[in-house]
Structures are given as C-alpha cells and as structure tokens.
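Ligands are counted one by one from 1 in listed order, and the atoms in each one are counted from 1 as well. As the structure is a prediction and not an experimental result, all values here were calculated from the model.
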Amino acid sequence: MAVTRLFRSSPAAAPLAGTIAAPGDKSISHRALMFGALAVGETRITGLLTGEDVLRTAAAMRALGAEVAQDPDGTWQVAGRGIGGLVEPDDVLDMGNSGTAARLLCGILASHPIFAVMTGDASLRRRPMRRVTEPLTACGAVFTTREGGRLPLTVQGAVYPISLEYRVPVPSAQVKSACLLCGLNAPGITRIEEPEATRDHTENMLRHFGATIAVEKAGRGRIIELSGQPELSAADVAVPGDPSSAAFLVAAALLVPGSCLTIPAVGLNPTRCGLFLTLDEMGANVVVENRRIEGGEPVGDLIVTHGPLRGVDVPWERAPFMIDEYPVLAVIAAFANGTTRMRGLKELRVKESDRVAATAALLAANGARVDVEGDDLIVHGTGGPPQGGGMVTTHMDHRIAMAALVLGAATQQPVTVDDASLIDTSFPRFVELMNRAGGALAPA
Ligand code: S3P
C-alpha cells in the first residue's frame with residue numbers, strides 16, 4: 001500500500017493480535033549490498049530490506065559497476081567487482097534519505113581512484129558529513145562539500161590510498177564503518193579505535209566475506225585492526241528482521257490493552273538490544289523464544305503482551321545500543337507509571353531530524369508531559385493513555401512518523417502525521433501490517 005503524506009492513526013477498536021514479521025535489517029542490508037559489490041563472485045542475499053534507503057544503495061552499487069538484481073523469488077544477487085574494481089559513476093549518486101548509505105559509500109569511494117558526486121534529499125543534505133570526510137581525507141582522498149560539511153559533495157578517491165589510524169570521536173557505527181571500508185583498499189593495517197562500542201555489523205560482515213580483522217575490547221570501546229587489500233569472496237547473507245523496525249510493533253502490542261503479538265526472527269545482536277533491556281527494566285512482557293544463529297547473527301522470536309509499565313532511568317552509556325529506538329521508547333514511556341529519563345542523546349539530534357526536539361514535540365502535541373534538559377529527554381508517564389488528537393510534524397523522519405502512528409493506536413483521540421511517505425525508507429509495509437494486526441491507520 002502506497003502511503004500518502006497526511007496520515008492518521010485512530011485508537012484500535014480491539015486488542016492487536018497475530019504474527020507479524022518485521023522487515024529485513026536496514027544496517028545489514030546496506031552492508032550486504034556493499035560487500036557483495038566489493039567481493040569476487042556472486043553474493044546471494046535473502047531477506048534484504050526493500051525500503052527506499054536500501055534501494056538507493058543498490059542503485060549506487062550498480063552505478064559503480066556491480067551487477068545487482070532481484071530474482072522472482074525475492075533473493076537478491078550481486079555480482080561483485082572485487083576490491084579496487086569499482087568504476088566511475090557517470091551521474092550523481094543520490095542517496096535519498098539514508099545517512100548510512102551516504103557515509104559508508106564515502107568510505108568505499110575514498111580508496112578507489114575515481115571521481116564521484118553525491119547528494120541526498122532535504123533531510124540528508126542537512127546532516128553532518130564532515131565526521132566521515134575529515135578522517136577519510138587522511139587516506140589521500142579529496143572531498144569538497146557544501147558549507148558546514150554538508151551534501152552535495154564531490155570526492156576524488158586516492159590513487160595510492162594510505163591506511164587510516166583513527167580514534168572515532170563520536171559513538172558512530174557509520175563513521176567506524178566508513179573508515180573500515182576505506183581500509184579494504186589500502187595496503188597495511190587500518191586501525192580504528194571507538195571509545196564507545198557501537199553496532200558491529202561491519203566487523204561481522206568483514207569476517208563473513210573473508211577479511212582478516214582483529215577486535216580487542218578497550219574499556220567500554222573497542223580497537224579494530226583490519227588487514228588491507230584482502231580478497232573478499234562472495235558469501236551468502238541471510239538478513240534478520242530489523243530490531244529497530246520490530247520496536248514499533250513491540251510498542252503497539254505493549255500499549256494497546258489486551259494485545260499479544262508474535263514477531264518472528266528479529267535480529268538480537270547485543271549491540272542492538274538496548275531497547276529490550278530497557279523494556280525489561282520497565283516491566284514489559286517481552287519473551288524471546290527460539291533463540292538461534294541465522295546468517296552469523298543471533299535472532300529470536302518475540303512474543304509481546306500488553307501490561308503495566310513503570311518509568312525508568314536509561315543511562316547514557318546505553319545510547320549507542322538503542323540509538324534509533326528513543327522516539328518509540330519515549331512514546332512507550334508516556335503510558336508508564338512514573339518518569340522515564342533518557343540520558344545523553346546528543347547523537348539523536350543529528351539523525352534524519354533532530355529527534356530530541358521532534359520526539360518532545362510529538363508527545364507534547366498529544367497531551368503527554370515531556371521535558372528536555374540538555375541532551376536528556378524526560379517523559380512523565382501517567383500510567384494511562386495520553387489524550388492524543390494532535391498533529392505531528394515528522395520533519396522527513398520515518399521513525400518520528402511511525403512513533404506517532406503507534407501512539408495513535410493507543411491514545412484516546414486519533415494522532416495525525418503531516419507526512420508518512422518517508423516510512424517507506426525503512427518499513428515499506430508498516431501501515432498494512434499494523435492494520436492487519438488490528439490497527440486503524442488511514443490517509444487523513
Ligand atoms: C547505523 C548506525 C547508526 C544508526 C543508523 C544506522 C549503521 O548511526 O542510527 O540508523 O547502519 O551503521 P550512528 O552509529 O552513525 O549514530
């Protein structure tokens with residue numbers, strides 16, 4: 001179902017029930033396509049997210065010379081060109097709404113001797129790119145950007161790339177991954193230090209495709225050493241369900257009285273599980289069954305049942321492990337008994353929108369009490385549903401749109417969003433699946 005811009009979610013008439021699968025993991029999907037393009041041979045990918053963001057990466061890898069196609073059974077095939085084998089794209093690379101696609105691709109381009117121009121939509125053109133262009137310049141690439149280090153940018157990749165040694169100053173898997181991807185085509189050891197551990201899908205996939213990588217714990221962070229110019233061999237990838245997308249279904253089940261939803265095969269990589277830990281502390285009834293390893297990543301089936309919740313203090317150290325889940329956690333917190341304080345959300349301000357401000361506005365417009373203190377977001381839950389009835393400005397942010405629509409399933413009055421079209425970037429069937437479970441989402 002194509003989602004129109006103005007959309008409304010009305011209180012569910014009955015409990016939500018059934019089995020609903022979350023779409024493929026966005027982070028893993030981007031990486032599978034990129035690694036497939038850099039490997040020798042044909043990579044087969046099952047469960048790939050076919051959201052707009054990932055389709056932008058597929059288009060970019062095609063523009064760089066890889067063959068990327070989808071079989072009628074839904075499996076994706078990538079015929080790679082080998083490290084160093086990408087060709088100059090003959091047009092601008094448009095990464096749409098996707099910061100991950102843009103930043104990881106900067107890493108790949110930096111160590112290929114080609115010229116490229118990159119842009120994105122209005123949201124992506126506002127986001128900081130210097131966090132990748134600055135470290136990548138040290139490999140010999142030349143980047144030019146708009147004022148403030150924003151897109152559009154141009155890159156002339158290094159002819160003789162030098163391996164990087166870099167301490168990532170912000171907790172960012174995208175920056176870490178850009179540096180590692182750059183290191184694939186540089187001789188010698190690329191050494192990246194991250195002071196706070198972040199999601200490790202790039203490291204896992206490097207191993208999966210045959211690269212040599214050593215990861216050492218260092219305090220709360222890690223030191224990663226990648227041996228340059230390996231021969232990456234094509235490897236099949238089974239993409240698990242995205243925990244960040246599953247989070248919206250989990251929230252809907254927790255908030256609509258009487259609900260019970262099963263969400264199968266959700267990725268449970270420990271670097272992505274901060275929300276589930278927090279929900280456990282809030283007293284949420286989320287049971288994980290059938291834990292297993294699929295395609296090198298831990299997965300499990302979630303069974304989520306509605307019940308009372310209590311407010312909690314979410315420590316700042318947990319932020320990298322649940323960075324995309326704060327908008328929906330804030331919605332959940334509005335229904336809990338007591339105050340939930342989410343600490344240290346500085347990075348949330350440079351996502352698809354300023355999510356601290358957008359989430360606070362979302363809740364305030366619907367009658368919830370919320371405060372922002374520095375980089376902390378504080379939600380005063382009442383133990384019952386907020387009034388609802390508000391209009392939410394999504395600022396081209398898919399997660400703000402979905403958080404608002406989940407809120408509307410459990411408030412007293414419907415919740416309206418000004419633009420639901422961006423939901424397609426990460427969760428194309430969100431409206432259809434929510435309605436199949438018993439939600440009441442429709443164009444306004
Ligand atoms: C991502 C990393 C996170 C996350 C984004 C996807 C990735 O960003 O917010 O949605 O795939 O590496 P940062 O770790 O850069 O903050």
Side-chain angles (χ1 to χ4, degrees), residues 23-35 48-49 51-54 56-57 95-108 120 123-124 127-136 166 168-181 192 194-206 221-222 224 237 239-240 242-248 267 269 271-275 297 316-329 344-356 358-359 375 396-400 402-403 422-423 425-427:
D25 189 281
K26 184 151 71 69
S27 292
I28 296 176
S29 294
H30 284 301
R31 288 161 173 81
L33 291 168
M34 290 178 181
F35 278 95
L48 188 88
L49 170 66
E52 271 297 316
D53 277 14
V54 175
R56 297 284 178 168
T57 291
M95 308 322 292
N97 193 250
S98 179
T100 307
R103 297 201 178 107
L104 269 56
L105 196 56
C106 280
I108 293 175
S123 156
L124 187 53
R127 297 179 65 185
M129 296 298 287
R130 198 175 282 145
R131 54 177 55 200
V132 289
T133 58
E134 201 172 274
L136 292 171
Y166 189 59
V168 184
V170 285
S172 168
Q174 294 175 355
V175 176
K176 167 180 68 176
S177 300
C179 294
L180 290 170
L181 285 163
I192 307 299
E194 53 173 3
E196 301 286 328
T198 61
R199 66 187 68 189
D200 60 0
H201 304 302
T202 300
E203 296 90 310
N204 294 345
M205 215 171 275
L206 279 165
R222 296 179 185 145
I224 303 148
V237 179
V239 181
D242 195 325
S244 302
S245 296
F248 297 101
N269 181 310
T271 61
R272 299 286 298 280
C273 280
L275 176 72
E297 292 274 348
W316 64 269
E317 310 90 274
R318 203 177 289 167
F321 295 165
M322 54 182 296
I323 192 68
D324 293 333
E325 281 67 82
Y326 284 102
V328 77
L329 174 62
L345 305 188
K346 190 158 183 246
E347 277 297 297
L348 217 58
R349 294 189 180 277
V350 290
K351 296 294 176 189
E352 285 82 333
S353 67
D354 174 346
R355 283 187 179 154
V356 175
T359 303
D375 292 323
M396 299 185 74
D397 189 327
H398 53 130
R399 297 200 201 279
I400 297 299
M402 286 187 280
L422 271 296
I423 290 175
T425 60
S426 67
F427 200 156

Sub-3.5 Å N/O-N/O distance, Arg31 and ligand 1
yes

Is there side-chain contact between Thr100 and Arg31, with heavy atoms separated by less than 4.5 Å?
yes

Using a plain distance cutoff, I'd like to know if Ser27 has any nitrogen or oxygen under 3.5 Å from a nitrogen or oxygen of ligand 1.
yes

Side-chain ion pair, Arg127 and Glu352, N-O less than 4.0 Å:
yes

Lys/Arg-Asp/Glu bridge criterion (N-O < 4.0 Å) met for Arg272, Glu297:
no

So for Arg199 against ligand 1, with non-hydrogen atoms under 4.0 Å, the contacting part is side chain

Can you pull out the closest protein heavy atom to atom 6 (C) of ligand 1? Residue, atom name and distance to 0.1 Å, please.
Thr100 OG1, 3.3 Å

Subset of ligand 1 atoms that lie under 4.0 Å from at least one heavy atom of Asp324
4 (C), 5 (C), 9 (O), 10 (O)

Closer than 4.0 angstrom, basic N to acidic O: yes or no for Arg199 and Asp324?
yes

Flag for Lys26-Ser244: side-chain donor and acceptor within less than 3.5 Å:
no

Leu275 vs Tyr326 side-chain heavy atoms within contact, under 4.5 Å:
no

Please classify the Ile323 to ligand 1 contact at 4.0 Å (heavy-atom distances, strictly less than): side chain, backbone, both or neither.
side chain

Answer yes or no: does an N/O atom from Gln174 fall short of 3.5 Å to an N/O atom of ligand 1?
yes

What I want to know is whether Ala173 and ligand 1 share at least one N or O pair that is separated by under 3.5 angstrom.
yes

Arg355/Asp397 salt bridge by N-O under 4.0 Å criterion
yes

Only heavy atoms of Lys351, strictly under 4.0 Å: list the atoms of ligand 1 that pass.
3 (C), 4 (C), 8 (O), 9 (O), 13 (P), 16 (O)

What protein heavy atom lies closest to atom 15 (O) of ligand 1? Include the residue and the distance to one decimal.
Ser172 OG, 2.6 Å

